[in-house]
Number of protein chains: 2
Amino acid sequence: MQANLTMKKIAKELGVSVSTVSRALQNHPRIGSLTTEKVQKLARELHYQPNSRAINFKNNRSFNVGVVLPYLTEQFFSIALSGIEETLMEKGYSVVVMQSKNDYEREAAAVDSLIRHGVDGILVSMASETYNKSHFNNATHKVPIVFFDRVLKHPRYSAVYGNITKAAFDAMEYLIEKGYSDIALMNGPNSLQATSEREKGYVDALKKYNIPVDIQYVKNLNLTKEDTVLKINELLDLENRPRIILAFHDYIALDAMEVCKQRGLKINQDISFVTFSNLSFCTYLDNPPIATVEQFPGELGSSAAQLLLEAMETPDTYEPREIVIEPKLIIR
Amino acid sequence: MQANLTMKKIAKELGVSVSTVSRALQNHPRIGSLTTEKVQKLARELHYQPNSRAINFKNNRSFNVGVVLPYLTEQFFSIALSGIEETLMEKGYSVVVMQSKNDYEREAAAVDSLIRHGVDGILVSMASETYNKSHFNNATHKVPIVFFDRVLKHPRYSAVYGNITKAAFDAMEYLIEKGYSDIALMNGPNSLQATSEREKGYVDALKKYNIPVDIQYVKNLNLTKEDTVLKINELLDLENRPRIILAFHDYIALDAMEVCKQRGLKINQDISFVTFSNLSFCTYLDNPPIATVEQFPGELGSSAAQLLLEAMETPDTYEPREIVIEPKLIIR
DNA sequence: CTGAATGGCGCAATCGGTTGCGCAACAGTC
DNA sequence: GACTGTTGCGCAACCGATTGCGCCATTCAG
């Protein structure tokens, strides 16, 4: 850890003033070519690097962007983060990441901490437990915020998200057209906006084809394995057992498949699955979900990053807006 | 985006000096309780937040830590990053993450960029293509560096990594004791240190049991699917086809399994796999690898973070050192 | 009534750069 | 020789917060 090398030392060494050193390093025309050369030579020899904290302080910019998401270990979010990192890196920004673990307190603390750390903007995918939104209001007074995937819909905020309703509708339409019936929905937790959107697409499709909606076929899960096991068992216990399960996540489908197998059902024969995330490993399953909705998490992240870039770099003309990424149904 | 609220404004509003405001906010004993109360009240009302950039500048600390890793989308690294984030968050540090994509140039640029952004320390899992180490030498003059998983072994650097040799040895010993023979090794790329360590464990175990080493059984892969397909086909084409494949990653095993199935071999009957990463979804496979080496990426990351914390907070007494995390063989 | 002690607060320097302005020296013009 | 223009560089303010030191006013002891 070498001692701090500042312009002051270069200036003293050369018998010139600090301002001359500063200008010489910027090739300022008012500095003589001889002096400029001398300064640059010594700076090179001493491996001078300007103190970024001083520059950030002076410019009131840090070129850091905060990202708050539920879990880094969830593939959806790590892919989104990767897209964010790529987009921001190109523009010279760094990514500061924090996990909310779906906890409101942690999320609020993370947003607060990012502000205190002096980021120039924040990307958020909301915790499922977030009921109080005031931490975003406070933060947005200081820096722009853009939501992605798990968004807060409000004219004040930009948001990037997938068209879940249409995705669910498309998946249902595909299944119905294929002649499948008895389609159940294993949906996410109530606290997520996507849950109601998914249900809407499910219901809309049934209505379009004049199929009655059986509320016993719609289950909201709470993300724990126990609950998944409970709900799939409830479905399998129904007199009119579903033939297709529309699951809101591959992992939910996998856990449900296990229960099915234990109960002697053959996957993709007695019962099939369609999922809302396209995890790469599913192609390796002997009996994968017959279709899946690809939500393009990388594009979600990178679009959100681009909105944030605009908000940070042209704050005067920037108007909050929403971008909808169309998911794609992938048939296996 | 409200205008910057500084101490100056509070001071002017109250007709006191900036230093009084500063001290009042710190409950300095030399400030009268009346003044202190007034200042704190107004600060609260105006939602005053100290300018972190000014404080960072003054203290020459940012409480940011840089993390450079190959890919965020690789589960191993996203779990490691999660462990890093948890450990550092507790101590008030934030994590700035960058992907090297296994490219030397990007890695060097990332390290450089982190230094310029003013991080207090750096955690690195090296790019497989990194041949030149000078970017680390330059960086370490400025801030401490700790390596994790893909480490640079050098007395100057701290490093945290798994005991791959022993893990490979243990896996082999288990297989040999179980009576398995004809065990092949699908290893990683030459450029990774872990590759030679894994090979050493493989060879050591064979030698211990006086089993001749067949070099045709040892393949080094380059991480592309084509190469994996090529190498598994070479193995299956051998006169003495292996019965067990020790694969250095679950995804390699999955790709190889596909080829095996295509060639009419039954997994876990005609041929079985043992892998070096314990990806959660493998438990959902109908025929998963019969054993797997858990490398505890979260612990790897969090141990590295703890070393870095020590290096950052007590730089005078800190001595670089290595921590070895013992992997665990998990039998399915 | 004077001297010291104490409480309450402000001045100014500091961190490391950047930048407007001004000063000096010199050349060129009339 | 006085005037203007140009070149080359330094002074000092500034960004926002922190902090050593010193000043003034009050209080209390002697």
Side-chain angles (χ1 to χ4, degrees), chain A residues 1-40 42-43 46-64 115-120 141-143, chain B residues 1-40 42-43 46-64 115-120 141-143:
Chain A
M1 253 58 59
Q2 84 195 16
N4 299 324
L5 171 62
T6 69
M7 286 190 173
K8 204 181 281 179
K9 281 175 193 147
I10 297 186
K12 193 175 290 176
E13 188 77 22
L14 259 39
V16 297
S17 76
V18 177
S19 31
T20 301
V21 174
S22 171
R23 280 189 259 250
L25 291 174
Q26 306 173 66
N27 287 313
H28 194 287
R30 300 299 296 265
I31 301 296
S33 52
L34 228 83
T35 311
T36 300
E37 197 44 57
K38 265 198 326 192
V39 169
Q40 295 192 352
L42 185 60
L46 300 179
H47 297 109
Y48 170 75
Q49 297 257 101
N51 181 323
S52 56
R53 280 184 267 266
I55 295 175
N56 288 342
F57 168 54
K58 184 126 184 52
N59 298 339
N60 214 23
R61 292 286 296 274
S62 69
F63 285 95
N64 278 144
I115 297 281
R116 280 202 318 274
H117 269 76
V119 296
D120 297 336
H141 288 310
K142 304 228 154 200
V143 296
Chain B
M1 251 58 58
Q2 85 194 15
N4 299 322
L5 171 62
T6 70
M7 286 190 173
K8 204 182 279 180
K9 281 175 193 145
I10 297 185
K12 193 175 289 175
E13 187 78 20
L14 257 40
V16 297
S17 77
V18 177
S19 30
T20 301
V21 174
S22 172
R23 279 188 260 253
L25 291 175
Q26 306 173 65
N27 287 313
H28 194 288
R30 300 298 296 264
I31 302 296
S33 51
L34 228 82
T35 311
T36 301
E37 197 44 58
K38 264 198 328 195
V39 170
Q40 295 193 352
L42 186 59
L46 300 180
H47 298 108
Y48 169 75
Q49 297 257 102
N51 181 322
S52 57
R53 280 184 268 265
I55 295 175
N56 289 341
F57 168 55
K58 187 138 184 41
N59 298 337
N60 214 23
R61 293 285 297 273
S62 68
F63 284 93
N64 278 144
I115 297 282
R116 280 203 317 276
H117 269 74
V119 296
D120 297 336
H141 288 309
K142 304 227 156 201
V143 296

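A, B, ... follow the sequence lines: proteins, then strands. Residue 1 opens every chain.
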Figure out the [atom1]/[atom2] separation between [X] and [N], and round it to whole Å.
| X | N | atom1 | atom2 | result |
| --- | --- | --- | --- | --- |
| A/Lys9 | C/dG16 | NZ | P | 8 Å |
| B/Ile31 | C/dC11 | CD1 | C1' | 13 Å |
| A/His28 | C/dG17 | NE2 | C1' | 15 Å |
| A/Leu14 | D/dC9 | CG | P | 11 Å |
| B/Asn27 | C/dC9 | CG | P | 14 Å |
| B/Phe57 | C/dG17 | CZ | C1' | 7 Å |
| B/Leu34 | C/dG7 | CG | C1' | 14 Å |
| A/Lys38 | D/dG8 | NZ | P | 13 Å |

For B/Glu37, all residues meeting side chain to side chain donor-acceptor pair (under 3.5 Å), sequence neighbours excluded
none
Which pairs pass salt bridge (charged side-chain N to carboxylate O under 4.0 Å, His left out) with one or both residues in residues 25-36 of chain B, sequence neighbours excluded?
none
Minimum heavy-atom separation for B/Ile115 to A/Ser52, with atom names?
O-OG, 4.0 Å
Checking A/Tyr48 now: which residues fulfil ring pair (Phe, Tyr, Trp, His ring centres under 6.0 Å) with it, not counting sequence neighbours?
none
Footprint string (nucleotides 17-22 of chain D, 5' to 3'): B base within contact, S backbone only, - free, heavy atoms under 4.0 Å
BBBB--
Would you mind telling me which residue lines up with the more 5' stretch of DNA chain D, A/Asn60 or A/Thr36, judged by nearest nucleotide?
A/Thr36
Mind checking what makes salt bridge (charged side-chain N to carboxylate O under 4.0 Å, His left out) contact with B/Glu13, not counting sequence neighbours?
none
With B/Arg116, which residues qualify under salt bridge (charged side-chain N to carboxylate O under 4.0 Å, His left out), at least two apart?
B/Asp112
